[in-house]
**Q** 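Dumping the structure here so I can ask a few things about it.
Along the sequence shown, residues carry numbers from 1.
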Amino acid sequence: MNGILHSGQQVSTKLGQTCVVEKLLGAGGQGEVYKIKYGGADYALKWYFPHTATAEQYKALESLVQAGPPSASFLWPLDMATADGVAGYGYIMPLRDQRFKSLVDLVAGRIKPSFSSLITACIELTKSLRKLHTEGLCYRDISFGNAFFDPNTGEVLVCDNDNVTENNSKSCGVLGTPDFMAPEIVCGQAMPSRDTDLHSLAVLLFYMLHIGHPLQGERVLKIRCWDLAAREELFGKNPVFIFDPNNPANKAVQGDSEAGGNALGYWKLYPQFFQNTFIKAFTVGLKDPKARVTEAEWLESLSGLRNSLFRCTCGTPNFYDVETIKANGKPNACWGCGKAPQLPFRIKIGKSIVMLNFDTRLHPHHLGVLSGGDYDFSTDSAEVTQHPSDPTKWGLKNLTDTKWVITLPDGSVRDVEPGKNVPLANGVKIQFGKADGEVRY
C-alpha cells in the first residue's frame with residue numbers, strides 16, 4: 001500500500017521532537033495512520049488527506065494538544081506534525097498495544113470475551129466518557145469503530161479523538177456514525193453534545209452486550225431499501241425500542257439476526273434492574289434528551305450487573321436476579337444446562353448484592369472506600385479463598401491494610417486482621433470500616 005508519507009521520512013513537530021516515519025498502518029476517510037519513532041519511542045501519526053486538512057481542524061487539534069487527555073484511556077493528540085513538500089498536516093498520538101481488540105471484532109464474533117471482561121469494558125468505557133464530559137467536552141462520534149478493549153482484562157482505549165470538541169460547539173465537523181446518532185441529529189434538529197453522546201453510548205453498550213442494534217427489530221423486515229430515508233425513519237423520525245414493554249411495533253424477531261434475533265437471546269439473560277436501564281434509555285430517552293441515562297446511572301447499573309454474575313455447576317455464567325427470586329422463590333433455570341442453578345454465597349453491602357464465586361474479588365468501591373460513584377477494579381480489597389485442607393469450606397480474605405470486625409452466627413465477635421480470612425457462613429456480618437456487609441446463602 002502506497003501512502004502519502006514514506007518509510008524513513010523525517011517529519012517536523014511543533015514541540016520539536018525528532019519524528020521518523022516507519023510504516024503505514026492503515027487508512028480511513030480522513031487520512032492515513034503511520035507507525036513512527038517519536039523522541040526515540042513508538043507512536044502513531046495520523047496524516048490528513050488534503051481535502052480534510054482544514055484550518056479549522058488544525059486549530060481544534062492544537063486546542064486538544066494543549067488541553068491534554070482526560071485520562072490514560074484516550075489515544076489523545078500529543079503534538080502537531082508537518083513535512084516539507086507534503087500537503088496537509090498530521091498529529092501524533094500513543095500507539096495502540098496489540099492486546100487491545102476492536103469492538104468491531106466483538107460484534108463480528110471474532111473474539112469471545114467472558115461476561116466479566118465485557119461488563120468491565122462497558123464500565124471502563126462509560127468512565128472514560130464521563131471524564132471527557134466533566135471536562136466540558138463532547139466526543140461526537142461514539143461507535144464500535146472508535147473503541148478498543150482487552151478481552152482478558154476489560155481495559156479500554158478510545159481512539160479518533162480528533163472528533164472531540166467543546167460541548168454544544170457550533171463548529172462543523174463529524175456528526176456521528178449514522179446508526180449511533182441521536183434522533184435529533186438524524187432529523188437535523190441538533191448538533192452533537194453531551195446529550196447526544198449519551199444516546200450513542202447507550203447504543204454502543206447495547207451492541208456490546210446484545211450483539212445487535214436496539215432499534216432494529218421487526219420493522220427492518222418491511223424495509224426494501226436500506227437507504228437514508230429508511231435510516232431517518234428507523235433512527236430519527238419514529239424510533240421504537242425492540243424491547244419496549246408498551247409498544248411491540250418493532251419487537252425483536254426470534255431467529256433473525258437482522259431484526260433483533262441475537263439481542264433477544266441475550267436480553268433474557270440479564271436481570272430486570274439492568275433491563276430497566278435500557279428501557280429508560282430507549283423509551284423516554286429517545287424523546288427527551290435531558291431524560292437519558294447518565295454516565296452515573298450506567299455505572300451503577302453495570303456495576304450491579306457485574307456483581308450479580310455467578311456460574312452454574314455446569315460452568316455456564318448466569319445472573320442473579322432479585323426480582324425473579326421474589327416472584328418465583330428461586331432463580332431462573334441455567335441457560336446452559338436448563339437445570340436450576342445452585343447459588344453460591346453472596347454478600348449484601350449497602351444496596352449491593354455481590355455473588356461470591358470461587359474467583360470473586362471485592363474492590364474499594366464495594367467497601368465504600370471510593371466516593372462519587374467511582375469504580376476501581378485495579379485494586380483488590382478482598383478475595384474468595386478455599387480452605388487449604390477442607391475444600392468444603394470457603395472464606396473471604398482481607399486484602400486491605402485495616403482490620404475488619406465480624407459477628408458470627410452464634411453472636412461472637414472477633415477481629416479479622418489484614419491477610420486473614422472471614423469464614424463464609426450464612427448470617428456472618430462484617431464491618432469493613434466505611435461499609436457493613438452480611439453473608440447470605
Side-chain angles (χ1 to χ4, degrees), residues 28-30 52 102-109 125 129 138-147 160 163 165 169-244 246-264 266-267 278-293:
Q30 291 180 314
T52 61
S102 172
L103 293 182
V104 175
D105 293 329
L106 170 69
V107 175
L125 183 64
L129 268 297
C138 161
Y139 187 79
R140 299 172 70 99
D141 190 21
I142 298 170
S143 73
F144 51 59
N146 294 336
D160 290 344
N163 297 321
T165 62
S169 171
K170 303 301 181 184
S171 65
C172 297
V174 174
L175 294 178
T177 299
D179 295 3
F180 289 80
M181 292 192 298
E184 60 269 29
I185 294 183
V186 175
C187 294
Q189 298 170 349
M191 293 290 286
S193 66
R194 174 181 177 269
D195 291 338
T196 63
D197 272 0
L198 289 178
H199 173 82
S200 301
L201 174 63
V203 175
L204 180 56
L205 294 176
F206 189 90
Y207 247 122
M208 292 172 68
L209 294 167
H210 297 84
I211 316 299
H213 196 286
L215 306 179
Q216 288 181 213
E218 189 175 50
R219 293 170 66 200
V220 170
L221 304 179
K222 302 174 183 178
I223 296 175
R224 296 184 179 181
C225 180
W226 193 239
D227 56 9
L228 180 60
R231 277 190 160 89
E232 286 182 347
E233 175 65 19
L234 211 61
F235 304 140
K237 296 178 180 178
N238 189 29
V240 179
F241 184 34
I242 60 176
F243 298 118
D244 188 326
N246 300 312
N247 186 355
N250 192 33
K251 65 180 184 293
V253 179
Q254 182 75 42
D256 194 314
S257 60
E258 297 298 318
N262 287 338
L264 188 61
Y266 284 101
W267 180 258
F278 276 119
I279 290 171
K280 177 182 177 181
F282 298 118
T283 54
V284 295
L286 289 177
K287 300 176 177 63
D288 182 359
K290 297 301 181 182
R292 286 176 180 150
V293 179

**Q** Could you walk me through whether Tyr139 and Asn146 pass side-chain contact (heavy atoms from CB on, under 4.5 Å), step by step?
**A** CA-CA 10 Å; Tyr139 187 79; Asn146 294 336; 3.4 Å; yes

**Q** What pair of heavy atoms forms the shortest contact from Arg231 to Val186, and how long is it?
**A**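 Looking at all heavy atoms of both residues, the shortest contact is O-CG1, 4.3 Å.
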
**Q** Between Phe278 and His210, is the ring centre distance below 6.0 Å?
**A**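 So the answer is yes for these two rings.
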
**Q** Would you check if Leu228 and Glu232 make a side-chain contact, meaning some heavy-atom pair closer than 4.5 Å?
**A**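 Leu228 vs Glu232: side chains touch.
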
**Q** List the atom of Gly236, the atom of Pro183, and the distance in Å for their closest heavy-atom pair.
**A**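 The pair with the smallest heavy-atom distance is O-CB, 3.7 Å.
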
**Q** Set out, in order, the CA-CA distance, both residues' side-chain angles and the distance that settles side-chain contact (heavy atoms from CB on, under 4.5 Å) for Tyr266 and Ile211, then state yes or no.
**A** CA-CA 8 Å; Tyr266 284 101; Ile211 316 299; 3.8 Å; yes

**Q** Of all the heavy-atom pairs spanning Ala230 and Ile223, show the shortest one and how long it is.
**A**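 In terms of heavy atoms, the two residues are closest at CB-CG2, 3.7 Å.
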
**Q** Flag the pair Asp244 / Ile279 as yes when at least one side-chain heavy-atom distance between them is below 4.5 Å, and no otherwise.
**A**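 They are not in contact (no side-chain heavy atoms under 4.5 Å apart), so the answer is no.
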
**Q** Is the number of heavy atoms from other residues, nucleotides or ligands under 6.0 Å of Lys280 NZ greater than 12?
**A**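 Yes, NZ of Lys280 has more than 12 neighbouring heavy atoms, counting only those of other groups under 6.0 Å.
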
**Q** I'd like to check the salt bridge (Lys or Arg N to Asp or Glu O under 4.0 Å) partners of Asp160; sequence neighbours left out, ordered by chain and number.
**A**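 Residues passing salt bridge (Lys or Arg N to Asp or Glu O under 4.0 Å) with Asp160: none at all.
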
**Q** Would you mind telling me which of Thr196, Val203, Leu201, Asp197 makes a side chain to side chain contact (heavy atoms under 4.5 Å, CB included) with His199?
**A**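 That would be Val203; it is the only one of Thr196, Val203, Leu201, Asp197 passing the side chain to side chain contact (heavy atoms under 4.5 Å, CB included) with His199.
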
**Q** Are Phe243 and Phe282 an aromatic pair by the rule of ring centers under 6.0 Å?
**A**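 So the answer is no for these two rings.
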
**Q** Restricting to salt bridge (Lys or Arg N to Asp or Glu O under 4.0 Å), what partner residues turn up for Asp141, sequence neighbours left out?
**A**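 Asp141: no salt bridge (Lys or Arg N to Asp or Glu O under 4.0 Å) contacts found.
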
**Q** Passes side-chain contact (heavy atoms from CB on, under 4.5 Å), Phe180 versus Ile142? Steps please.
**A** CA-CA 7 Å; Phe180 289 80; Ile142 298 170; 5.5 Å; no

**Q** What do the steps show when you test Phe206 against Phe241 for side-chain contact (heavy atoms from CB on, under 4.5 Å), and what is the final call?
**A** CA-CA 11 Å; Phe206 189 90; Phe241 184 34; 3.8 Å; yes

**Q** Between Asn250 and Glu218, is there a donor-acceptor pair closer than 3.5 Å when you use the side chain of the first and the backbone of the second?
**A**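 Checked: pair present.
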
**Q** Could you point out which residue of Leu215, Val240, Asn238 forms a side chain to side chain contact (heavy atoms under 4.5 Å, CB included) with Leu286?
**A**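 Among Leu215, Val240, Asn238, the one meeting side chain to side chain contact (heavy atoms under 4.5 Å, CB included) with Leu286 is Leu215.
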
**Q** Look at the rings of Tyr207 and His213 and say which category their plane angle falls in: under 30° parallel, 30 to 60° tilted, over 60° perpendicular.
**A**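 Answer is perpendicular, since the angle exceeds 60°.
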
**Q** Could you tell me if the side chain of Leu204 sits less than 4.5 Å from the side chain of Leu103, heavy atoms only?
**A**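 A side-chain contact under 4.5 Å exists here.
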
**Q** Among all residues two or more places apart in sequence or in another chain, which pass the salt bridge (Lys or Arg N to Asp or Glu O under 4.0 Å) test with Glu258?
**A**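 Partners of Glu258 under the salt bridge (Lys or Arg N to Asp or Glu O under 4.0 Å) test: none.
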
**Q** Given 3.5 Å as the limit, does a donor-acceptor pair link the side chain of Ser143 with the main chain of Gly145, or not?
**A**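 Indeed, once roles are kept as given, a pair shorter than 3.5 Å links the two residues.
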
**Q** Would a 4.5 Å heavy-atom cut-off, applied to side chains only, mark Leu234 and Pro239 as touching?
**A**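 They are not in side-chain contact.
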
**Q** Check Asp195 with Arg292, please: is the shortest side-chain N to carboxylate O separation under 4.0 Å?
**A**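 Between Asp195 and Arg292 there is no salt bridge, as every charged N stays at least 4.0 Å from the carboxylate O atoms.
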
